[in-house]
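Letters go in sequence order (proteins before strands), and every chain restarts at 1. All of these numbers come straight from a predicted model, not from anything done at the bench.
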Amino acid sequence: MFPERSKEKSQYRDGFEVFLTAQANAPQWLASLRERAFAEFERLGFPTIANEEWKYTNIAPLAGQAFRRGSLEGVDLAQVRRQLRIYPEAERSRLVFINGVYVPEFSVIEGLPAGVVVTNLAEGLATRQEFLEANFATLADFENRAFTALNTAHANDGALIVIPRGKVVETPINLFFVTVASPIAQVSFPRVLIHAGEASIATVVENFLTLGETTPDTAPAFTCPVTEIRVGDGANLEHYKVQKESLRTFHIANTFADLHHTSVLNSNSISLGGQIARNRIAVAFKAEGGEMNAKGLYYATGKQLMDSRLEVDHAVPNCTSQLLYKGMLDDKARGVFNGKVFVRHDAQGTNAIQTNKNLLLSQTARIDTKPQLEIFADDVKCGHGATVGQLSQDELFYLLSRGIETQAARNLLTYAFAHELVEHIKIESLKEELDRTISSRISSTEHGFE
Amino acid sequence: MLEIRNLHATVNDVEILRGINLVVKPGEIHAIMGPNGSGKSTLAKVLAGHPSYVVTQGEILYNGRNLLELAPDERAREGVFLAFQYPIEIPGVSNASFLRLAYNQKRKHQGEEELDPLEFDDLLQEKIKIVEMDKAFINRSVNEGFSGGEKKRNEILQMAVLEPQLAILDETDSGLDIDALRIISNGVNQLHTDTNAFIMVTHYQRLLNYIQPDFVHVQMNGRLVKSGGKELALLLEEKGYDWIKDEEENRQTAASN
Ligand SMILES: Nc1ncnc2c1ncn2[C@@H]1O[C@H](COP(=O)(O)OP(=O)(O)OP(=O)(O)O)[C@@H](O)[C@H]1O
Ligand SMILES: [Mg+2]
């Protein structure tokens, strides 16, 4: 769909036009939204390092690559089913997408409280037109945002989750976005819309992963998701994003969340995969009493680049935001952290704390961290801090002095650094799985990881 | 078991140990006392192999081997244990998994089967009784948020699990309430056999009411300047260190004349 090796933005139009023709049945509002979004993408082109927000994240390798829209063509579904690990908590509540395409055979939604909607977006467009027309793309502002624009122009599937007022959904709702390693460069545009109604409680897990072995013939893949989350008055939403894609993947994700009166959003992000992985979360407080806790862990090895970007807009008084992001960087990996907490003039009584801690595990790893606070109100409690360090020599000696071998001691301390962010995951088997993944990765990355 | 000969050591190029001589035999308990800053902890850390301390002269033999050639973790697996004056907090590592790893690495080193978590838990329950520690501490992160006294107890718990041959207790009695002092002393007495040995660094004669030392040494200015039996501790309690300082100065003047 996209041309070979060209950065000429206008050439992306061909692929877009093919898509629009294929989507000729789409409602008018959606078609025109897509056109506007694509026009914005064309106007912007891919960001370069000249753009302040992309200063340390050079996506030239992505911009220079041609991709085809992901499909099920050539995918051995039976094999995918065997390889896809579904943790028990997702047994009865999951939507599965492969290369961006919804796969109903692998998806199950059972036993949710009456009125709760969990469906794939394409289906939602057929059955919940009105709702989508009113809500789709209302939070994900694509102006000046190339990747949000690109997703909005191209997204044709993903998840629609609506929790009606007062409903408590005990089971986590799980989304699996699977890319199957392929010799053809493919792109997918997962799109998720979550509406947590007044006083509702729910948990949503977004899993991004690659199946199939990465070989020298494996082509790059590009995942370009956008998630919109509206947390209604008094609602409580627990959001997880676990990204374990292959090292051949570019993952550029944007999440937008609006928090309404006394609502709570707990956002948890675990980033392990990707050649270049960027996660941006933009949160806006819409009414008083909102609370946002964002926790994130990024673990980059080899030549991975991981970029976390959080933007929090305290536009109204008496809201709380707490950000804790931790990064582990080994080999020649690079990390980027930007936290932008904006406390507006009227936002008295704001409580905003952001912390970014980084552990450099090799001489050649690097992190660029910039936690920022812009405060225009006076009655606020705000704090921010960033640390970059190595394993503590005192802690290491303490372990050695008890007879623990150097490598085991280093691994234990490295794991301990991550532990804080894995420990609080409330989905038990997801926690255990991440525990294992991270520990085994720690013990296998003594000397590099390509 | 341990023989320290003319040991000199520096930290950041400052000489702290200036000719330590000490012989410790199996079954013995040695107490080292001495003013603040005289290098007692430095000696303890040199024995444990802390990388910040550089041995510039002298030697340390442990069971006939050159201890200085062994890495810190090897020393520990060979039975050397240091209870730190200031135990380190390690957030994110549970006491139980830390102890099990340490214990199993030692077992492996001795060619024995490693214990699985359940088997180890049984062992741990026994050891906890020795230090009368609340079981809740087992699942907490190593020393994190522990009070001063709890950290010291945790050191003794580790010692009880690892069953060292040579244990160096650096002011384990400092900051303990009377009950804790009794418990920890009981622990040491229970673990003491005629094949292992203890070096206890302390400022207080009262510890020696609970644990009977065979020798008391006074360390000053990086040397052990006086040695005696238990009565030396009583004398120090009564008279302080000045008289030893005087004696030492006189001795040195005499030597230089
Ligand atoms: N890392 C270091 N850098 C510089 N000086 C050090 C270092 N470690 C120890 N010293 C110095 O070495 C000297 C001996 O310290 P040490 O801790 O061994 O004394 P101590 O006898 O254990 O004292 P205390 O009774 O107070 O515990 C002190 O003057 C101390 O300041
Ligand atoms: Mg000391």
Side-chain angles (χ1 to χ4, degrees), chain A residues 270 295-299 324-328 355-359 361 385 387 389-425 428 431-432 434-443 446, chain B residues 44-53 70-95 97-110 139-144 151 154-155 157-159 161-165 167-168 170:
Chain A
I270 307 273
K295 294 198 164 95
L297 174 69
Y298 45 96
Y299 181 10
L324 171 64
Y325 266 62
K326 281 180 141 184
M328 305 195 292
T355 311
N356 175 233
K357 296 183 184 169
N358 296 284
L359 181 59
L361 294 162
T387 59
Q390 278 131 32
L391 292 178
S392 147
Q393 288 306 312
D394 286 336
E395 293 178 14
L396 199 57
F397 181 66
Y398 193 73
L399 297 180
L400 295 177
S401 78
R402 299 308 182 236
I404 297 172
E405 285 166 11
T406 311
Q407 196 57 51
R410 291 186 64 89
N411 292 350
L412 196 62
L413 291 178
T414 306
Y415 183 73
F417 181 83
H419 180 75
E420 181 183 6
L421 289 172
V422 177
E423 176 188 48
H424 68 89
I425 293 176
E428 209 48 47
K431 174 163 88 184
E432 282 164 22
L434 283 169
D435 232 25
R436 278 195 303 274
T437 309
I438 294 170
S439 321
S440 73
R441 190 159 164 198
I442 288 170
S443 37
E446 281 165 50
Chain B
K45 287 188 188 161
V46 167
L47 287 171
H50 195 289
S52 302
Y53 301 85
L70 300 181
D73 52 317
E74 292 171 323
R75 298 183 195 191
R77 290 192 297 273
E78 289 289 338
V80 177
F81 180 90
L82 167 62
F84 287 76
Q85 181 173 4
Y86 304 108
I88 304 293
E89 299 193 7
I90 311 184
V93 175
S94 89
N95 231 348
S97 55
F98 158 61
L99 280 167
R100 184 161 63 87
L101 183 60
Y103 182 76
N104 277 336
Q105 294 223 327
K106 187 167 180 187
R107 300 262 300 191
K108 199 168 87 185
H109 177 71
Q110 293 169 339
N139 293 316
R140 280 173 58 178
S141 290
V142 178
N143 294 328
E144 193 189 19
K151 284 180 183 165
N154 205 23
E155 295 291 287
L157 174 65
Q158 292 169 34
M159 182 174 88
V161 168
L162 296 173
E163 297 184 335
Q165 221 187 331
I168 304 133
D170 191 359

For this session: Please state whether the side chain, the backbone, both or neither of B/Pro164 comes within less than 4.5 Å of a heavy atom of chain A.
Result: neither
For this session: Determine yes or no for a side-chain-to-main-chain donor-acceptor pair under 3.5 angstrom, with A/Arg402 supplying the side chain and B/Leu82 the backbone.
Result: yes
Exercise. Taking atom CD of A/Glu423 and atom OG of B/Ser141, what is their separation to the nearest 0.5 Å?
Worked result: 7.0 Å
Exercise. Nearest 0.5 Å, what's the CD1-CZ distance between B/Ile88 and A/Phe397?
Worked result: 9.5 Å
Exercise. How far does CD1 of A/Ile404 sit from NZ of B/Lys106, to the nearest 0.5 angstrom?
Worked result: 13.0 Å
Exercise. Ring pair (Phe, Tyr, Trp, His ring centres under 6.0 Å) with A/Tyr325: which residues, sequence neighbours excluded?
Worked result: A/Phe337
For this session: Kindly indicate whether the side chain of A/Leu399, heavy atoms from C-beta on, has any atom under 4.5 Å from the side chain of B/Ile90.
Result: yes
Exercise. Can you find a heavy atom in the side chain of A/Glu405 that is under 4.5 Å from one in the side chain of B/Glu74?
Worked result: no
Problem set entry | Minimum side-chain heavy-atom gap A/Leu412-B/Leu101 below 4.5 Å | yes
Problem set entry | side-chain hydrogen bond (donor to acceptor under 3.5 Å, both in side chains) partners of B/Lys151, counting only residues at least two apart | B/Glu89
Seminar exercise, completed: All heavy atoms of A/Gly403 vs all of B/Ala76, minimum pair found to be N-CB, 3.2 Å
Exercise. Is there a side-chain contact between A/Ser401 and B/Phe84, using heavy atoms and a 4.5 Å cut-off?
Worked result: yes
